[in-house]
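Okay, so here's the structure we're looking at.
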Amino acid sequence: MKVALDIDLEHTLTCGQAFRWRRREEWWQGVLDGKLVRLRQLDDGVEAHGLEEKPLRRYLRADDDLETIYEDIGRDPLVAACVQNHHGLRLLRQQPWECAASFILATNANIPRIIKMVETVCRTFGRRLGGEVYSFPTPRQILNGQGEAASCGLGYRCQRFVAFAELAEDGGLDGLEALPYEECVRRLVEMPGIGNKVADCVALFSLDHLEAFPIDVRIERILLQEYGMEGTYKKLSAAARMRFGPYAGYAQEYLYHGLSGLPSSQDRRTPAP
DNA sequence: AACCAGGTCTCGA
DNA sequence: TCGAGACCTGGT
């Protein structure tokens with residue numbers, strides 16, 4: 001099945017918003033809705049196996065019009081430059097449970113390790129779908145095998161992860177979709193393992209709040225060096241949403257990944273003769 | 001061999 | 001409300 005869409009799979013699937021996509025030759029292999037899915041980049045879209053068009057378009061946020069978004073966030077010249085570098089990078093619309101649980105594991109760890117932890121959790125608690133591919137476990141699957149969590153190499157994230165599974169199993173995530181951004185984040189930060197940053201990730205990557213602007217150490221540096229912005233998380237977050245607008249989350253992703261390809265801020269201010 | 005990683009939590013001021 | 005430290009573990 002083919003979907004016509006302006007998307008760059010490489011950028012979209014490796015930018016650190018989802019941790020389970022693997023490249024196999026020209027195909028990207030992953031798990032969606034508990035099913036093994038393969039995606040392939042086409043000139044004008046995506047070829048997909050293992051998933052219907054509707055849920056695929058939903059996952060890839062095909063309803064986001066990139067041109068409209070670029071026009072909006074591109075009013076910022078630096079973001080505009082980053083967009084040039086990473087055209088076709090899309091946010092994904094993930095499941096809140098998997099997204100939140102993954103980013104609880106992602107705290108204070110680098111990407112390779114995050115991938116490893118998530119994969120170990122899937123292998124330990126998930127269902128085998130074929131080959132060496134496992135589903136992301138449900139909260140119940142984690143609670144059923146709770147003794148094994150300690151051997152997943154999660155470090156101090158282990159307790160938070162299990163506690164979050166308990167909360168999810170008890171319906172603690174119900175109703176989040178209906179909430180506006182501020183209230184959504186307010187609810188999320190009450191949950192075990194979720195602070196300001198993870199709450200924004202969950203809001204942005206799984207709950208349709210494109211104005212959410214997750215601030216990690218790297219983005220914090222960028223805000224300071226490129227925009228002279230500093231302060232507490234709440235202040236920075238509000239200032240970023242104000243500056244970058246309703247698609248601030250997209251601006252964040254492009255700044256995060258697109259900046260590395262540009263000359264340093266100092267060099268841009270004082271270009272070489 | 002340090003240092004750091006897509007932070008959170010706890011605890012004083 | 002805010003800032004400082006501690007914190008598992010493994011990449012680089």
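Letters A, B, ... are given to chains in the order of the sequence lines, protein chains preceding strands, and every chain is numbered from 1.
Using a 4.0 Å cut-off between charged nitrogen and carboxylate oxygen, A/D63 and A/R57 do not count as a salt-bridge pair. A salt bridge does not link A/R241 with A/E211: every distance from a Lys NZ or Arg NE/NH1/NH2 to an Asp or Glu carboxylate oxygen is 4.0 Å or more.
Across the interface with DNA chain C, nearest-nucleotide mapping of A/L154 and A/K116 shows A/L154 to be the residue nearer the 5′ end.
For the P atoms, the distance from B/dC11 to C/dC8 is 14 Å, rounded to whole Å. Comparing B/dG6 with C/dA6, their P atoms sit 22 Å apart, to the nearest whole Å.
In this structure, B/dC9 and C/dG5 make a Watson-Crick or G-U wobble pair, each of the two defining distances being under 3.5 angstrom.
Counting only N and O atoms by type, the side chains of A/H209 and A/D200 include no donor and acceptor under 3.5 Å apart.
For the pairing with A/E10, the side-chain hydrogen bond (donor to acceptor under 3.5 Å, both in side chains) check across A/Q41, A/H86, A/R23 returns one residue only, A/R23.
Because its NZ or CZ atom is not both nearer than 6.0 Å to the ring centre of A/Y134 and within 45° of the ring axis, A/R127 does not count as a cation-pi partner of that residue.
Taking the six-membered ring for Trp and thresholds of 30 and 60 degrees, A/Y250 and A/Y247 have ring planes more than 60 degrees apart, a perpendicular arrangement.
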- Under 4.0 Å protein heavy-atom contact, by nucleotide of nucleotides 6-12 of chain B - B base, S sugar-phosphate only: BBBS---
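At the phosphate of C/dT1, neither OP1 nor OP2 sits under 4.0 Å from any side-chain N or O atom of A/K235.
Atom-to-atom, CZ of A/R113 to P of B/dC3 comes out at 19 Å; the value is rounded to the nearest Å. Per the geometry, CD belonging to A/E119 stands 18 Å off C1' belonging to C/dG11, to the nearest Å.
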